[in-house]
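What follows is a set of notes on a single structure, which appears directly below.
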Amino acid sequence: MALQIYNTLSRSKETFEPLKPGQVSMYVCGPTVYASAHIGHAMSTLVFDIVRRYLQYRGYEVAHAMNYTDVDDKIIQRANHEGRDPHELAESYIKEYDQHLKELNILPATVFPRATEEIPAIIDMVARLMDDDYAYEAGGDVYYRVEKKDDYGRLSGRKLEDMQAGARIGVDERKEHPMDFAVWKAAKEGEPSWDSPWGPGRPGWHIECSAMVLNHLGQQIDIHGGGNDLIFPHHENEIAQTESLTHKPFARFWMHNGMMQLSGEKMSKSLGNLITIKEFLADHDADVLRMMVLGGSYRGPLTFGDEAVEAASRGLERLRGGLRPALPGASGVDDVDLEAAAADARTGFENAMDDDFNSSAALAALFELVRQINQSRDAGASDEQLRPAQTVLLELAGVLGLRLEKIAATDADPEPFAALYTEMAAKLEGDAPQVDQGDAASLIEGLLAMRQMFRAQKQWDISDQIRDQLAELGVIVEDSAGGSSWHWA
RNA sequence: GGCGACGUGGCCAAGUGGUAAGGCAAGGGUCUGCAAAACCCUCAUCACGGGUUCGAAUCCCGUCGUCGCCUCCA
């Protein structure tokens, strides 16, 4: 089956075919950096990270641009309010966002253009729009003339007449048409500005994205993405101004993610009902947020809440559980066919993702694979028998950007384990097992061996104590008929 | 007021014409010194009312409700 992608332009799923075989150009609208980003921003970037990873899994080479809007009204306002320099303020939030992208395991975009670095290109575009009568100057501002583009409103499904009917009062009288939008804004006293043929000013919001696409990806791109709150006016205006210059269809596919909801409303900076990425990551694994996004459809709203977080977290643990090794002492069984299960999972996964990135159904395929792995493990399958399925599980989860493997024991600080080891060894009547005091894994193994001795003597209180204390150190101990095993919490 | 999306079990959520994936939670069971995990079993007829059809959660009409956009917004 070929990849189908829902295109906002046609309001339907279409077969995806890139302009150039094997290569995909994708532009995703990034944040305006005037405040700490919240998990709604994270949702958007996660959605397109998943899209990108799957395209790459499908063999495409992906050129991916994500912008930072680092000059606009909000930034200037905030900087003035805090007595900071607007550039410095923007820079600090870019740094923070950059860090979040790493923590969230987002593949870095090929390029991260910034509005302030595209000024010459923007000025050039504005001049050319004016040359062709698509834009006009008014008091230092330059406006795009919407009536000049006959298919204006194509993306958002709006008609100029309808919008005029609902237009608010207070329309700038210098505009020829109420819906005309600024491609260049005259600077007020003390605002950051750049010289232009129309006097000092800065770019309008929409023009920067057009400039970046043209500059970094070309006149036509395969995918343009962003939140669905950007459909109008932002993306509509991008299309208008870009196509007025290139006279070619701008983006083949317009993809829009749904909004993160908190207490029944869209999470947004202006409403103030938000949870920042920093706050979320302080309490949860980054992959928990990814699981929440994967659990639903990217186009619909995602309701954030304690219960949803908990469910995502437990689901993640379940996936991770599939990677656990064979039971201690398992010698293998005859009738295990996990290769077939792995192949089925892959097929199910691909069919789901090919259908407009149906990640929820793709996850279901992984859960099914986990169940089969667990069944086989319980039946006594050996590591060798489990491995093919676990390899596929790890690979496919990786395509979704999930990191199923926990920290390696070699990275853990051995000291607390050494202390516990010494404490417990003192209670032991016989000799304590040999361990490498500098290696957490070795110490844990030694502690488990000791615990086995206590258990053999039915000293349940001490063996429970070892289990409890290990749990506090982040090590979960699980007993089975053949012995005990452990894994990181 | 205009445009658009949506309403599936306790919660989240797939599924767009052939008799409801999956996750979480809950109950029962197996295993177990206990615990945890795992495994097995149980748990919905799809907001409501009409219509089309041999057959609809899935198509059409209406009603109610929720949300988004129309101003900065991922």
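Keep in mind that the numbers below use all heavy atoms, side chains included, and drop hydrogens, waters and symmetry copies. Residue numbers begin at 1 in each chain, while the letters A, B, ... track the order of the sequences.
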Original post:
Using atom P of each nucleotide, how far apart are B:G23 and B:U42 to the nearest Å?
Top reply: 14 Å
Subject >> Non-hydrogen side-chain atoms of A:Met260 and A:His38 separated by less than 4.5 Å >> reply: no
Original post:
Separation of A:Met179 atom CE from B:C69 atom P, in whole Å?
Top reply: 15 Å
**OP:** For B:C39, take OP1 and OP2 only and decide whether either is under 4.0 Å from a side-chain N or O of A:Asn374.
**Re:** yes
**OP:** Using whole Å, report how far CG of A:Leu448 lies from P of B:A36.
**Re:** 18 Å
**OP:** Assign A:Gln261 to base, sugar-phosphate, or nothing according to its heavy-atom contacts below 4.0 angstrom with the strands shown.
**Re:** sugar-phosphate
Original post:
Does the side chain of A:Arg377 get closer than 4.0 angstrom to OP1 or OP2 of B:C39 through an N or O atom?
Top reply: no
Original post:
What integer number of Å spans the P atoms of B:G28 and B:C43?
Top reply: 16 Å
**OP:** Assign A:Leu363 to base, sugar-phosphate, or nothing according to its heavy-atom contacts below 4.0 angstrom with the strands shown.
**Re:** nothing
Original post:
Should B:C11 form a Watson-Crick or G-U wobble pair with both distances under 3.5 Å, which nucleotide is its partner?
Top reply: B:G23
Original post:
Looking for any heavy atom pair under 4.0 Å, which part of the strands does A:Gly157 touch: base, sugar-phosphate only, or nothing?
Top reply: sugar-phosphate
**OP:** Using a 4.0 Å heavy-atom cut-off across all strands, classify A:Val477 as base, sugar-phosphate, or nothing.
**Re:** base
Original post:
If you measure from the Lys or Arg side-chain nitrogens to the Asp or Glu carboxylate oxygens, is any gap between A:Asp464 and A:Arg467 under 4.0 Å?
Top reply: yes
**OP:** With the side chain of A:Arg314 defined as its heavy atoms from C-beta on, choose the nearest nucleotide among B:G22, B:A14, B:A25.
**Re:** B:A25
Original post:
Taking atom P in both B:U45 and B:U58, what distance in whole Å separates the two?
Top reply: 15 Å
Original post:
Within the structure shown, what part of the strands sits under 4.0 Å from A:Met292 by heavy-atom distance: base, sugar-phosphate, or nothing?
Top reply: nothing
Subject >> Donor on one side chain, acceptor on other, A:Asn358 and A:Ser360, under 3.5 Å >> reply: no
Subject >> Closest-nucleotide 5' rank along RNA chain B - winner of A:Ile39 and A:Ile476 >> reply: A:Ile476
Original post:
Separation of A:Asn228 atom CG from B:C3 atom C1', in whole Å?
Top reply: 13 Å
Original post:
Which part of the nucleic acid, if any, lies within reach of A:His38 when heavy atoms closer than 4.0 Å are counted: base, sugar-phosphate only, or nothing?
Top reply: base
**OP:** Could you check whether A:Met260 gets within reach of a base, just the sugar-phosphate, or nothing at all, counting any heavy atom under 4.0 Å?
**Re:** base
Original post:
When we call it a touch if two heavy atoms are under 4.0 Å apart, what does A:Asn358 touch: a base, just sugar-phosphate, or nothing?
Top reply: sugar-phosphate
**OP:** Counting Watson-Crick and G-U wobble pairs only, both distances under 3.5 Å, name the nucleotide matched with B:C39, or none.
**Re:** B:G29
Original post:
When we call it a touch if two heavy atoms are under 4.0 Å apart, what does A:Ala308 touch: a base, just sugar-phosphate, or nothing?
Top reply: nothing
Original post:
Just by distance, with hydrogens left out, do A:His81 and A:Gln77 show a side-chain donor and acceptor under 3.5 Å apart?
Top reply: no
Original post:
Does B:C67 pair with anything, Watson-Crick or G-U wobble, both distances under 3.5 Å, and if so, with which nucleotide?
Top reply: B:G4
Subject >> Protein-nucleotide distance (A:Asp378, atom CG; B:C40, atom P), rounded to Å >> reply: 9 Å
**OP:** Taking only the side-chain nitrogens and oxygens of A:Ser480, find out if one of them lies under 4.0 Å from OP1 or OP2 of B:A38.
**Re:** no
Subject >> Side-chain touch A:Val213/A:Thr242, heavy atoms, less than 4.5 angstrom >> reply: no
Subject >> Contact under 4.0 Å: A:Gln375 side-chain N or O vs B:C40 OP1/OP2 >> reply: yes
**OP:** Report yes if at least one side-chain N or O of A:Thr32 is closer than 4.0 Å to OP1 or OP2 of B:A74; otherwise report no.
**Re:** yes
Original post:
Among B:A13, B:A74, B:G4, which is the nearest nucleotide to the side chain of A:Pro31?
Top reply: B:A74
Original post:
Which part of the nucleic acid, if any, lies within contact of A:Arg451, taking any heavy atom under 4.0 Å across all strands shown: a base, the sugar-phosphate backbone alone, or nothing?
Top reply: base
Original post:
Does one side chain, of A:Asp356 or A:Tyr298, offer a donor that lies under 3.5 Å from an acceptor on the other?
Top reply: yes
Original post:
Among side-chain atoms of A:Asn374 and A:Arg377, is any donor-acceptor pair under 3.5 angstrom?
Top reply: yes
Original post:
Has A:Phe367 got its ring stacked on the base of B:G23, with centres under 5.5 Å and planes less than 30° apart?
Top reply: no
Subject >> A:His235 vs A:His256, ring-ring contact (aromatic ring centres under 6.0 Å, His included): CA-CA, chis, key distance, verdict >> reply: CA-CA 10 Å; A:His235 289 162; A:His256 293 99; 5.0 Å; yes
**OP:** Look through every strand shown and name the nucleotide pairing with B:U52 as Watson-Crick or G-U wobble, where both distances are under 3.5 Å.
**Re:** none
Subject >> Nucleotide of B:A74, B:G4, B:C34 approaching A:Asn257 most closely (side-chain heavy atoms) >> reply: B:A74
Original post:
Does any donor-acceptor pair link the side chain of A:Asp479 with the base of B:C34 at a separation under 3.5 Å?
Top reply: yes
**OP:** Determine the Euclidean distance between corresponding C1' atoms of B:G18 and B:G55; express it in Å to zero decimal places.
**Re:** 6 Å
Original post:
Taking the C1' atom of each, how far is B:A56 from B:A20, in whole Å?
Top reply: 12 Å
Original post:
Please give, in whole Å, the distance from B:C72 P to A:Met267 CE?
Top reply: 22 Å
Original post:
What distance, rounded to whole Å, do you find between the two P atoms, one in B:G15 and one in B:A5?
Top reply: 16 Å
Subject >> Residue matched to B:A57 through Watson-Crick or wobble contacts both under 3.5 angstrom >> reply: none
Original post:
Does a distance-only test, which skips hydrogens and angles, find a donor-acceptor pair under 3.5 Å between the side chain of A:Arg467 and the base of B:A35?
Top reply: yes
Subject >> Within-4.5 Å side-chain heavy-atom neighbours: A:Leu9 and A:His224 >> reply: no
Original post:
Atom CE of A:Met291 and atom P of B:G22: how far apart are they, to the nearest Å?
Top reply: 15 Å
**OP:** Taking the side chain as every heavy atom from C-beta outward, state whether A:Met66 and A:Tyr97 have any atom pair closer than 4.5 Å.
**Re:** yes
Original post:
Mapping A:Tyr97 and A:Ala365 onto RNA chain B by nearest heavy atom, which one lands closer to the 5' end?
Top reply: A:Ala365
**OP:** Using a heavy-atom cut-off of under 4.0 Å over every strand shown, decide if A:Gly225 touches base, sugar-phosphate, or nothing.
**Re:** nothing
Original post:
With a non-hydrogen cut-off below 4.0 angstrom, is A:Arg158 in contact with a base, only sugar-phosphate, or nothing?
Top reply: base
**OP:** Write down the distance separating the P atoms in B:A57 and B:G51, rounded off to the nearest Å.
**Re:** 15 Å
Subject >> Rounded distance (Å) that lies between atom P of B:G4 and atom CZ of A:Phe232 >> reply: 14 Å
Original post:
What's the NZ-P distance between A:Lys266 and B:U71, to the nearest Å?
Top reply: 13 Å
Subject >> C1'-based separation of B:C11 from B:G7 [nearest Å] >> reply: 15 Å
Original post:
Is the phosphate of B:A37, meaning OP1 or OP2, less than 4.0 Å from a side-chain N or O of A:Arg318?
Top reply: no
